[in-house]
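Report on one structure; see the data block that follows.
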Amino acid sequence: MNISFDRNKHPHRRHNPLLDEWILVSPQRTNRPWQGKREETAEENRPVYDPDCYLCSGNRRANGARNPEYKGIYVFNNDFGALLNEEVDFSEGHSGFFTLLPERGINRVVCFSENHSLTLPEMSLEQIKNVVDIWQEQFNELAALDHINYIQIFENKGSIMGCSNPHPHGQIWAQSSIPAMVQKTQTQLKSYFEKNKRTLLEDYLQQEIKAGERMVTENEHFAALVPFWASWPYETMIISKQKRENIAAFSEDEKESFAAVLKDLTTIYDNLFETSFPYSAGIHQSPTDEKEHPEWHFHMHFYPPLLRSAEIKKFMVGYEMLAEPQRDITPEQSAAILRNLPTIHYKKK
């Protein structure tokens, strides 16, 4: 006699329509004991100003340049960028297994505040709105360059995510090619749009709002949810409720709403384990290659590594590296946990 399937008890695979990939969900493993690595939690009592921080206002950076005495947001070209904004002569072409192409681009650092001790959830709504304004301004400026075809805005938060400096900041990488993961997403979005004349995320978000079980927080213009296909334990995605291809299309009201959902979501993260919650987060939006992209719909991914506590992280190793992503706690369970947390930061209790 077959046992009735229960997605909260039985292993199953879920499809990610943005990447046309699958993930293995194993909810029966949530009670397994943990004897693995425990992370050291970073000291959170940082000073407002750190004389040894190369991102603080007025300090000297590693290349010898000195930051201005800035207040608020400061943007500069990365001193050790992964891309170079140089046009090169290239004639090698394709050569079978040894194909390469030069890549041109611009890497910028965006300091969110002169206050070394802040993180996004501890910033005011006005301060976060200023960050969103800068993201929009930078997108418009870089998109106007002929050789820039994609702009990746992202933030790595926490040493566990490889962030080498705790000063509140993010990065912008603008490049001549469309990166592989973005290209893969575009293929899926375009296929769906051509078939349905609506964006994939328009229809997906409607279904998620109707279901409710994976929603975390929302406001007039944006929704934050745990994707049905989430890989990381507390992975979330922010989706614009109105179809917007990129951040350039945001109105003032939408930018305020975006700032509000960013503050609420990152505060919820911090409240989960009452720690400065680490993550890698990034915006996915239409390319800037001067082509029409009606298939694109603005969204932002958050990939936090923590699993059971501030000391225990999820490792993507073994099966995940060789086969496909795997998770234990179901997306519905993690969404319920996040949804029930307050949006007032635990430090203000």
Side-chain angles (χ1 to χ4, degrees), residues 16-21 75-78 81-95 99-110 131-156 170-205 222 237-240 242-251 254-255 258 280-301 303:
N16 178 348
L18 289 177
L19 297 175
D20 191 23
E21 294 179 350
V75 182
F76 63 94
N77 286 338
N78 196 318
L83 297 164
L84 297 176
N85 192 21
E86 298 174 346
E87 191 170 3
V88 298
D89 291 327
F90 179 76
S91 58
E92 292 185 35
H94 299 281
S95 55
T99 299
L100 63 84
L101 290 170
E103 187 67 10
R104 182 183 178 189
I106 300 169
N107 298 125
R108 289 181 177 168
V109 177
V110 182
V131 172
V132 175
D133 286 337
I134 290 295
W135 284 344
Q136 186 183 63
E137 290 175 14
Q138 288 290 309
F139 181 89
N140 288 333
E141 178 185 325
L142 292 165
L145 300 175
D146 291 339
H147 63 284
I148 296 301
N149 291 308
Y150 192 75
I151 299 166
Q152 182 62 65
I153 299 170
F154 66 98
E155 179 196 5
N156 294 323
Q171 298 185 58
I172 301 175
W173 290 22
Q175 61 189 100
S176 55
S177 298
I178 299 176
M181 190 171 296
V182 178
Q183 183 64 65
K184 195 169 185 178
T185 299
Q186 176 166 299
T187 298
Q188 295 302 112
L189 296 179
K190 188 173 183 178
S191 176
Y192 188 94
F193 186 83
E194 288 177 345
K195 180 180 179 180
N196 299 281
K197 306 307 177 187
R198 290 171 58 83
T199 70
L200 186 155
L201 288 178
E202 277 182 286
D203 290 347
Y204 171 66
L205 183 56
F222 292 89
M237 181 165 61
I238 296 174
I239 307 173
S240 63
Q242 291 75 34
K243 179 186 177 299
R244 299 289 182 262
E245 293 179 15
N246 54 56
I247 198 170
F250 285 7
S251 66
E254 287 171 322
K255 287 190 289 183
F258 186 38
S280 279
I283 292 170
H284 274 174
Q285 52 194 330
S286 62
T288 58
D289 55 3
E290 298 185 351
K291 297 179 182 179
E292 297 295 323
H293 289 288
E295 73 276 9
W296 270 92
H297 191 126
F298 180 95
H299 57 288
M300 184 174 188
H301 295 281
Y303 300 127

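Just so it is clear, the model here is predicted, and its values are computed rather than measured. If you read the sequence from its start, that first residue is 1, and numbering goes on from there.
- Across Ala82 and Asn107, no two heavy atoms sit closer than the pair N-OD1, 2.7 Å.
- Residues forming a side-chain contact (heavy atoms from CB on, under 4.5 Å) with Glu103 (at least two apart in sequence, or on another chain): Leu83, Gln175, Ser176, Ser177.
- How far CE of Met300 is from CZ of Phe222: 11.0 Å, rounded to the nearest 0.5 Å.
- Evaluation of the salt bridge (charged side-chain N to carboxylate O under 4.0 Å, His left out) rule for Glu87 yields Arg104 as partners, not counting sequence neighbours.
- Among residues two or more places apart in sequence or in another chain, the side-chain hydrogen bond (donor to acceptor under 3.5 Å, both in side chains) test is passed with Asn149 by none.
- Listed by chain and residue number, Tyr150, Ile178, Gln186, Asp289, His293, Trp296 satisfy the side-chain contact (heavy atoms from CB on, under 4.5 Å) test with Pro287 (two or more places apart in sequence, or in another chain).
- Within the 4.5 Å cutoff, the side chain of Phe298 has heavy atoms near those of the Ile283 side chain.
- Looking at Met181 and Leu19, their side chains come closer than 4.5 Å, going by heavy atoms from C-beta outward.
- Inter-residue side-chain proximity for Val75 and Ile134 is flagged as met; some heavy-atom pair is nearer than 4.5 Å.
- For the atom pair OG1 of Thr185 and CG of Asp20, the computed distance is 10.5 Å after rounding to the nearest 0.5 Å.
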Please list every donor-acceptor pair under 3.5 Å in which a side-chain atom of residues 136-145 meets a protein atom from a residue at least two apart or in another chain.
{"from": "Gln136", "atom 1": "OE1", "to": "Lys255", "atom 2": "NZ", "distance (Å)": "2.8"}
{"from": "Gln136", "atom 1": "NE2", "to": "Ile247", "atom 2": "O", "distance (Å)": "3.0"}
{"from": "Gln136", "atom 1": "NE2", "to": "Phe250", "atom 2": "O", "distance (Å)": "3.1"}
{"from": "Gln138", "atom 1": "OE1", "to": "Arg108", "atom 2": "NH1", "distance (Å)": "2.8"}
{"from": "Asn140", "atom 1": "ND2", "to": "Gln136", "atom 2": "O", "distance (Å)": "3.4"}
{"from": "Glu141", "atom 1": "OE2", "to": "Arg108", "atom 2": "NH1", "distance (Å)": "3.0"}
{"from": "Glu141", "atom 1": "OE2", "to": "Arg108", "atom 2": "NH2", "distance (Å)": "3.2"}

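- Val110 places a side-chain heavy atom less than 4.5 Å from the side chain of Ile172.
- To the nearest 0.5 Å, atoms OG1 (Thr199) and NE2 (His299) are separated by 10.5 Å.
- Contact annotation: the side chain of Met237 approaches that of Leu18 to within less than 4.5 Å [non-hydrogen atoms, C-beta and beyond].
- Between Tyr303 and His301, the angle of the ring planes stays under 30°, which puts this pair in the parallel group of the 30/60° scheme.
- Considering OG1 of Thr288 and CD1 of Ile151, their distance stands at 4.5 Å, rounded to 0.5 Å.
- Thr187 meets the side-chain contact (heavy atoms from CB on, under 4.5 Å) test with Gln183; sequence neighbours excluded.
- Here the straight-line distance linking atom CZ of Phe193 with atom CG of Leu201 works out to 12.5 Å at 0.5 Å rounding.
- Between the CD1 atom in Ile239 and the CG atom in Leu205 there is a gap of 5.0 Å [rounded to 0.5 Å].
- By the 4.5 Å heavy-atom criterion applied to side chains, Gln171 and Asn78 are counted as neighbours.
- In this structure Trp135 satisfies the side-chain hydrogen bond (donor to acceptor under 3.5 Å, both in side chains) test with no other residue, sequence neighbours excluded.
- Within the structure, every pair that satisfies the salt bridge (Lys or Arg N to Asp or Glu O under 4.0 Å) test and touches residues 174-195, not counting sequence neighbours, is listed here: Glu21-Lys184.
- With sequence neighbours excluded, no residue satisfies side-chain hydrogen bond (donor to acceptor under 3.5 Å, both in side chains) with Gln285.
- Between Asn246 and Ser286, the shortest heavy-atom distance links the atoms ND2-OG, 2.9 Å.
- Pro102 and Val88 make their closest contact through CB-CG2, 3.8 Å (heavy atoms, listed as atom of the first residue, atom of the second, distance).
- Take Asn196 and apply the side-chain hydrogen bond (donor to acceptor under 3.5 Å, both in side chains) test, not counting sequence neighbours, and it matches no residue.
- For the salt bridge (charged side-chain N to carboxylate O under 4.0 Å, His left out) test, no residue two or more places apart in sequence or in another chain qualifies with Glu295.
- A donor-acceptor contact under 3.5 angstrom links the side chains of His297 and Ser240, judged on distance only.
- Glu202 pairs by the salt bridge (charged side-chain N to carboxylate O under 4.0 Å, His left out) definition with nothing, not counting sequence neighbours.
- Looking at Val182 and Gln152, their side chains come closer than 4.5 Å, going by heavy atoms from C-beta outward.
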